[in-house]
Amino acid sequence: MIQAARIVAGFTGAGISTESGIPDFRSPNSPWMRNKPIPFELFLQDPRSRREAWRRKFTMDDLYRGAAPSAGHIGFASLISSGRMPAVITQNIDGLHQASGLAEDQVIELHGNGTYARCLSCGRRHELDWVRYHFERIGDAPECMACRGILKSATISFGQAMPEEPMRRAQKLTAACDLFLVAGSSLVVYPAAAFPAFAKENGARLVIVNRESTPLDKAADLVIHAEIGEVFSKFIA
Ligand code: NAD
């Protein structure tokens with residue numbers, strides 16, 4: 001199918017990073033489920049919730065420090081360097097597609113990136129080491145260096161608007177592709193999960209690689225219930 005395709009769209013979820021040592025969201029004993037999520041509005045309004053969000057963020061970062069790209073990430077990077085896959089649309093926030101050698105414009109991040117922070121007022125990027133240094137010294141996250149706005153990890157929280165540019169790019173790639181290749185997503189988080197469904201309706205072939213079934217399995221042209229590393233190591237150049 002890859003050989004027959006003109007344009008392949010890649011699409012990944014948390015399952016591609018489990019072999020890097022980062023647990024996914026929905027599998028049993030997920031550390032991400034331990035706490036009730038802090039909705040975006042509460043983060044904006046309540047300084048205590050902001051402190052709690054940063055405390056959780058640094059705790060999780062410590063758990064997965066040093067995570068490196070898996071065979072799945074490297075397999076996707078090989079497909080992209082082969083020229084048929086222009087970019088990978090990802091729900092992940094861990095930066096491991098970039099760490100596998102992909103350029104920023106080859107990774108379309110639907111839920112943002114947890115490896116740095118941004119000011120919610122002016123958008124300026126801030127590095128986490130600097131935020132953490134202040135957080136540990138004063139018990140609070142610092143204000144934006146440029147405009148004194150509120151800093152937040154550059155991820156999309158519950159209740160926060162989806163990022164416009166990545167959504168636009170994901171829509172364009174989904175509409176243009178003739179093969180849509182999913183790896184490691186339960187396909188239950190919307191609007192992200194709408195992309196594979198749209199690709200199929202638009203005439204593309206749909207392939208899903210996941211260790212368990214998903215709501216889109218019935219619509220897919222090929223479903224591989226297996227470990228991602230095992231499947232994607234075959235594509236490593
Ligand atoms: P999910 O946890 O809902 O689903 C992951 C799927 O991958 C599951 O169906 C699981 O069975 C499968 N899976 C796990 N490891 C696998 C492997 N090695 N081989 C084959 N299949 C495997 O993840 P989702 O659909 O991406 O949605 C979760 C949300 O949580 C996303 O919005 C994402 O942003 C966020 N999240 C991101 C990370 C990350 O960046 N690494 C981690 C946890 C959660």
Side-chain angles (χ1 to χ4, degrees), residues 10-40 53 56-57 59-76 88-100 102 107-117 128 152-163 166-167 170 180-197 206-218 220 222-236:
F11 182 92
T12 61
I16 197 170
S17 296
T18 57
E19 291 170 24
S20 299
I22 305 177
D24 64 17
F25 199 68
R26 281 178 187 75
S27 294
N29 304 319
S30 164
W32 307 97
M33 297 279 208
R34 241 174 250 153
N35 297 301
K36 201 168 149 225
I38 296 170
F40 185 56
R56 288 183 195 175
K57 161 84 187 135
T59 306
M60 290 300 261
D61 282 359
D62 283 348
L63 285 178
Y64 311 120
R65 190 169 297 286
S70 64
H73 294 105
I74 298 167
F76 266 92
V88 57
I89 303 165
T90 189
Q91 300 170 86
N92 294 347
I93 55 166
D94 54 29
L96 289 180
H97 279 299
Q98 289 90 333
S100 74
L102 296 186
V107 187
I108 302 172
E109 292 176 320
L110 297 179
H111 296 161
N113 188 309
T115 65
Y116 56 90
L128 289 180
K152 181 180 171 293
S153 158
T155 52
I156 304 297
S157 299
F158 287 96
Q160 192 171 359
M162 294 294 282
M167 284 296 281
F180 195 98
L181 177 55
V182 178
S185 176
S186 58
L187 297 178
V188 297
V189 177
Y190 279 80
F195 289 109
L206 175 62
V207 176
I208 298 173
V209 182
N210 205 55
R211 64 160 74 117
E212 57 183 14
S213 55
T214 78
L216 282 182
D217 283 7
K218 281 200 199 83
L222 173 67
V223 178
I224 305 176
H225 285 162
E227 293 302 299
I228 290 168
E230 190 188 321
V231 176
F232 281 83
S233 52
K234 300 192 172 80
F235 298 123
I236 295 176

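In this text, all values refer to a predicted model and were calculated from it rather than measured experimentally. Whatever order the structure lists ligands and atoms in, that order sets their numbers, starting from 1.
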- Message: I need the full list of salt bridge (charged side-chain N to carboxylate O under 4.0 Å, His left out) pairs touching residues 63-74, with sequence neighbours left out, sorted by first then second residue.
- Response: D62-R65

- Could you check L110 against M162 for side chain to side chain contact (heavy atoms under 4.5 Å, CB included), going step by step and ending with a plain yes or no? CA-CA 7 Å; L110 297 179; M162 294 294 282; 4.2 Å; yes

- Item | From CA spacing to verdict: side chain to side chain contact (heavy atoms under 4.5 Å, CB included), F180, I89 | CA-CA 10 Å; F180 195 98; I89 303 165; 4.3 Å; yes

- Relative to ligand 1, is H111 under 4.0 angstrom through side chain, backbone, both or neither, heavy atoms considered? side chain

- If you have a sec, work out which protein heavy atom is nearest atom 14 (C) of ligand 1 and how many Å separate them, to one decimal? D24 OD2, 3.1 Å

- Note on the structure: So the atoms of ligand 1 within less than 4.0 Å of a heavy atom of P23 turn out to be 42 (C), 43 (C)

- Message: At less than 4.0 angstrom from any non-hydrogen atom of I22, what atoms of ligand 1 do you find?
- Response: 41 (N)

- Task: Give the atoms of ligand 1, by number and element, whose distance to some non-hydrogen atom of V189 is under 4.0 Å.
- Result: 27 (O)

- Item | K57 side chain to T155 side chain, donor-acceptor N/O pair below 3.5 angstrom | no

- By salt bridge (charged side-chain N to carboxylate O under 4.0 Å, His left out), which residues pair with E19, not counting sequence neighbours? none

- Message: I want to confirm something. Looking only at heavy atoms, which of T18, V231, N210 is nearest to atom 6 (C) of ligand 1?
- Response: N210

- Query: Does any N or O in the side chain of S70 come within less than 3.5 Å of the main-chain N or O of S20, such that one atom is a donor and the other an acceptor?
  - Reply: no

- Minimum heavy-atom separation for F25 to A14, with atom names? N-CB, 4.1 Å

- Using distance alone, decide if ligand 1 has a nitrogen or oxygen within less than 3.5 Å of any nitrogen or oxygen in V188. no

- Note on the structure: The atoms of ligand 1 lying under 4.0 Å from a heavy atom of A226, numbered in the order shown, are 19 (N), 20 (C)

- Can you list the ligand 1 atoms lying under 4.0 Å from a non-hydrogen atom of G184? 5 (C), 6 (C), 7 (O)

- Item | Protein contact to atom 39 (C) of ligand 1 [nearest heavy atom, distance to 0.1 Å] | D94 OD2, 3.5 Å

- Note on the structure: Closest heavy-atom pair, G159 versus F40, reported as atoms and distance to 0.1 Å, is C-CB, 3.9 Å

- Message: I'd like to check which ligand 1 atoms, numbered from 1 as shown, lie under 4.0 Å from a non-hydrogen atom of S17.
- Response: 41 (N)

- Among all protein heavy atoms, pick the one closest to atom 40 (O) of ligand 1 and tell me residue, atom and distance. I93 N, 2.8 Å

- For N113 and T115, indicate whether the former's side chain and the latter's backbone hold a donor-acceptor pair under 3.5 Å. yes

- Query: Closest heavy-atom contact between R56 and P37?
  - Reply: NH1-CA, 4.2 Å

- Among all protein heavy atoms, pick out the one at the shortest distance from atom 19 (N) of ligand 1; state its residue, atom name and that distance to 0.1 Å. I228 N, 3.0 Å

- T214 side chain reached by D217 side chain, heavy atoms, under 4.5 Å: yes

- Can you tell me the protein heavy atom closest to atom 25 (O) of ligand 1 and the distance? S185 OG, 2.8 Å

- Can you tell me the protein heavy atom closest to atom 23 (O) of ligand 1 and the distance? A14 CB, 3.5 Å

- Look at atom 35 (C) of ligand 1 and say which protein heavy atom is nearest, naming residue and atom and giving the distance to 0.1 Å. Q91 O, 4.4 Å

- Give the residue, atom name and distance (to 0.1 Å) of the protein heavy atom nearest atom 2 (O) of ligand 1. F25 N, 2.7 Å

- Task: Provide the number and element of each atom of ligand 1 under 4.0 Å from a heavy atom of G13.
- Result: 26 (O)

- Check against side chain to side chain contact (heavy atoms under 4.5 Å, CB included), T12 and F76: CA-CA 9 Å; T12 61; F76 266 92; 3.7 Å; yes

- Item | Minimum non-hydrogen distance to atom 8 (C) of ligand 1, winning option of R211, R26, E212 | E212

